[in-house]
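All remarks here apply to the structure that follows.
Residue numbering restarts at 1 for every chain, and letters A, B, ... go by the order of the sequence lines.
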Amino acid sequence: MLRFAPSPTGDMHIGNLRVAIFNYILSKQRNEELLIRIEDSDSARNIEGKDQEILQILDLFNIEYKDVIYQSANLRFHRALAIDLLQRKMAFNCFCSSDKLDNARELAKKERRAFRYDDSCTHLSASQSIDNPNPFTIRIQRAKNRVTFKDLIKGDMSFEPEDIDSFIIMRAQKLPTYNFACAVDDMLSDISLVIRGEDHLSNTPKQIHIRDSLGYEKRVEYAHLPIILNDDGKKMSKRDDASSVKWLLSEGFLPSAITNYLILIGNRCKEEIFELDDAIEWFDLNNISKSPAKFDIDMLRHINNQHLRAMQSIELSRYVGFADADIGELAKLFLDECSTTKELKLKIEAVFAPKVASEEFALSVEKIRQVLLDAPYFEEFDEFKKFVIDSTSIKGKQLFKSLRILLSNSEHGPELSDIYTHTKNYLKEIVK
RNA sequence: GGCUCCAUCAUCUAAUGGUUAGGAUUCAAGGUUUUCAUCCUUGCCAUAGGGGUUCGAAUCCCCUUGGAGUCACCA
């Protein structure tokens, strides 16, 4: 079983989507199920409806999964297992206040050393614990030995007990912390491989330590994907528009192109332009680069353009508000200057909008327009052109520029004859 | 600062001890186009630095430098 575990606290991030895609690919390759786990254990940060939004995006990107579970539904297991650890002295109650811990953290920072829990509550007697009326958290006992694991991308990893620390597993309100809930849930769902972002790398030894303490012996495999960086070389954040899947979609990028790009960057690929199903055939975690990759929107535009060119005309026409292969073909003519459906839609809308002509061509445009309002239908552009010349006596630059303005609302653009081929059935509407 | 990871053109990458260090994107120039773009052709641009090992190093080892992630009763 593999899992994708987003938290419903904001818009789906492209880094998250990439994690989902890779989990999906590996689940297909290994012939295992994919589980979606909504990590909603911090109810204060949850945003209503974000879980549904995430699932909709997964559908849109053709990521199939078996089940959706909510982390909060496992609360009784989190509590039961925390009690189990307490009873076996693998965990202890900690009465240290937030203030005290914050001060200790600050001091550690000032002294330029790492903050570690000072073990002041590690060995409290039963009565010391029971007689204390103050709120308390539950901490796990520090590991006895180094925690090691093999990451499928990064290689062998090793962490000292000192660096894993005796961290909090249950908060004062007796809700699990992320690491505890995550470790337990992965265990309960019998997860075999965890693919997640590199930002989780330092959580992994903690989660392994939790399961070790619980006596769970099955080894979970891990693959930590390098982060996607913005132009400044920092992790992409909410502040970067392009980090939001929703934003990319609204800008007119296709799910198939976004998928293509997210698989392509930081990876050694067999081909540059492909579909998700192709990638399932050859994708290999071993080919993922160990270093982070910068997000390059120019490259994404290029890939989006290629996907648009390969798209069925009728399907493309729907993206620009029609259901007609001719309009799809017309849109494809503009792919020489556009790369997103949003840009194409503007071009197509301009074709049907009232025409705006510069002073230089305004007279010719109007004269030709009047003629075309009552013109017969011409199958071929040459006949159409001849008709216009014969009826108006306009020629040369005035003729071509004016026709171009009438047919496309622009002085520049694709071949006039090509535009005509795909707009001749709409001519009356276009010059109206 | 501690821990962990990383290091080839501006960007994504190829070259798994022997290549004039290749491709794609970007950018620039020329050709083409009664238009701009496309397209075609060409060009610019990289092995972070220093030591080893070796007949031979982008590739293996060490040091330096640089970058990233992470260090919550968030996930």
Side-chain angles (χ1 to χ4, degrees), chain A residues 5-10 16 38-42 44-46 71 94 96-98 101-102 105 108-116 135-139 151 153-155 157-160 162-165 167-182 196-206 224-229 231-235 261 264-269 271-273 287 289-303 305-306 309 333-338 395-401 403-405 408 410-416:
Chain A
S7 55
T9 54
N16 261 132
I38 305 290
E39 307 231 310
D40 58 349
S41 50
D42 183 8
R45 287 187 55 201
N46 291 341
Q71 185 157 63
C94 174
C96 298
S97 69
S98 295
L101 292 172
D102 288 346
R105 239 186 294 274
K109 190 171 182 181
K110 202 183 289 176
E111 292 176 355
R112 311 184 126 220
R113 58 183 170 78
F115 166 79
R116 296 287 179 268
F136 63 95
T137 60
I138 300 174
R139 285 180 183 272
D151 186 278
I153 293 170
K154 301 271 179 189
M157 306 288 297
S158 173
F159 293 84
E160 298 295 332
E162 177 68 10
D163 294 319
I164 301 170
D165 207 5
F167 54 94
I168 294 173
I169 58 172
M170 292 295 274
R171 300 183 256 169
Q173 316 89 289
K174 301 304 167 280
L175 291 169
T177 58
Y178 163 73
N179 276 310
F180 190 61
C182 184
R196 57 182 10 170
E198 191 179 4
D199 45 342
H200 283 289
L201 195 59
S202 52
N203 287 324
T204 299
K206 295 186 180 193
H224 289 94
L225 299 174
I227 302 285
I228 300 177
L229 270 24
D231 276 343
D232 300 330
K234 305 285 183 197
K235 186 166 85 163
Y261 179 67
L264 184 70
I265 55 166
N267 194 1
R268 188 185 314 170
C269 289
E271 38 203 338
E272 188 182 75
I273 306 296
N287 290 335
S289 162
K290 290 182 177 182
S291 48
K294 270 191 186 173
F295 184 87
D296 182 354
I297 200 152
D298 284 329
M299 183 70 94
L300 175 58
R301 286 179 60 82
H302 168 70
I303 289 171
N305 190 294
Q306 297 294 317
R309 285 176 195 273
L333 297 178
F334 289 103
L335 281 174
D336 291 341
E337 50 196 296
C338 300
K395 1 174 233 201
K397 187 177 173 189
Q398 278 290 331
L399 172 72
F400 286 98
K401 285 283 186 184
L403 272 182
R404 188 174 286 289
I405 289 166
S408 71
S410 168
E411 291 184 27
H412 309 291
E415 282 290 322
L416 267 178

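If you take atom C1' in B:U8 and the same atom in B:A57, they sit 14 Å apart, rounded to whole Å. The separation of B:A10 from B:A46, taken at their C1' atoms, amounts to 10 Å, rounded to a whole angstrom. For B:C44 and B:U11, the C1' atoms lie 15 Å apart once the distance is rounded to whole Å. Comparing B:A21 with B:U59, their C1' atoms are spaced 12 Å from each other, to the whole Å.
The distance from atom CG of A:L201 to atom C1' of B:C5 is 7 Å, rounded to the nearest whole Å. Taking atom CD on A:E160 and atom P on B:C3, their separation rounds to 10 Å, with Å as the unit. If you measure from atom CG of A:D298 to atom P of B:U11, you get 13 Å, rounded to the nearest angstrom. In this structure, A:M170 atom CE and B:A75 atom P are separated by 12 Å, rounded to whole Å. Taking atom CG of residue A:D296 and atom C1' of nucleotide B:U11, one finds them 5 Å apart after rounding to whole Å. A:L229 has its CG atom 6 Å from the P atom of B:G69, to the nearest Å. Here B:U25 presents its C1' atom at 10 Å from CD1 of A:I273, a figure rounded to the nearest Å. Straight-line distance from the NE2 atom of A:H200 to the C1' atom of B:U70: 11 Å, rounded to whole Å.
Aromatic ring centres of A:F295 and A:Y261: separated by under 6.0 Å.
Checking side-chain atoms of A:N179 against main-chain N and O of A:I169 turns up no donor-acceptor pair under 3.5 Å. Of the possible polar contacts, one joining the A:T177 side chain to the A:I168 backbone as a donor-acceptor pair under 3.5 Å is found. With hydrogens and angles ignored, the 3.5 Å screen pairs a side-chain donor or acceptor of A:K174 with a backbone N or O of A:A172.
Heavy atoms of A:S410 sit nowhere under 4.0 angstrom from any nucleic acid atom. Heavy atoms of A:A172 sit under 4.0 angstrom from at least one base atom. Residue-level contact check: A:C96 touches the bases, meaning some heavy atom is under 4.0 Å from a base atom. Counting any heavy atom pair closer than 4.0 Å across all strands shown, A:E39 reaches sugar-phosphate atoms only and no base atom. Among the protein residues, A:G197 comes within range of no part of the nucleic acid, since none of its heavy atoms lies under 4.0 Å from any strand. As judged by a 4.0 angstrom heavy-atom cut-off over every strand, A:E162 is placed among residues making no nucleic acid contact. At the heavy-atom level, A:R112 lies under 4.0 Å from the strands shown only through sugar-phosphate atoms. Residue A:T9 is classed as having no contact, given no heavy-atom separation below 4.0 Å to the nucleic acid. Within the 4.0 angstrom heavy-atom criterion, no nucleotide atom of any strand lies near A:R301. Among the atoms of the strands shown, only primed sugar atoms or phosphate atoms (P, OP1, OP2) are found under 4.0 Å from some heavy atom of A:N267. Counting any heavy atom pair closer than 4.0 Å across all strands shown, A:T177 reaches sugar-phosphate atoms only and no base atom.
A 4.5 Å side-chain heavy-atom check between A:E415 and A:R404 finds every atom pair outside the cut-off.
Base pairing annotation: B:G1 forms a Watson-Crick or G-U wobble pair with B:C71, both donor-acceptor distances under 3.5 Å. Remark: B:A7 base-pairs with B:U65; criterion is Watson-Crick or G-U wobble with both hydrogen-bond distances under 3.5 Å. Using N1 to N3 plus N6-O4 or O6-N4 for Watson-Crick, or N1-O2 and O6-N3 for G-U wobble, each under 3.5 Å, B:C45 pairs with nothing.
Nearest heavy atoms, A:H224 versus A:K154: O-CE, 4.0 Å. Pairing each heavy atom of A:D165 with each of A:R116, the nearest pair is OD2-CA, 3.6 Å.
In terms of position along RNA chain B, the nucleotide closest to A:F115 lies nearer the 5' end than the nucleotide closest to the other residue of the pair A:D40 and A:F115. Nearer to the 5' terminus of RNA chain B, by closest-nucleotide assignment, is the contact made by A:K235 (compared with the other of A:K235 and A:R45).
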All N/O contacts under 3.5 Å from nucleotides 36-41 of chain B to the protein, with atom names and distances to one decimal?
| from | atom 1 | to | atom 2 | distance (Å) |
| --- | --- | --- | --- | --- |
| B:C36 | O4' | A:H412 | ND1 | 3.2 |
| B:C36 | N3 | A:G413 | O | 3.0 |
| B:C36 | N4 | A:G413 | O | 2.9 |
| B:A37 | O2' | A:D336 | O | 2.6 |
| B:U38 | O2' | A:D336 | OD1 | 2.8 |

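Contact check on A:D336 versus A:R309 returns a salt bridge, with a Lys/Arg side-chain nitrogen under 4.0 Å from an Asp/Glu carboxylate oxygen.
Using a 3.5 Å distance cut-off with no hydrogens or angles, the side chains of A:S410 and A:S408 do not pair a donor with an acceptor.
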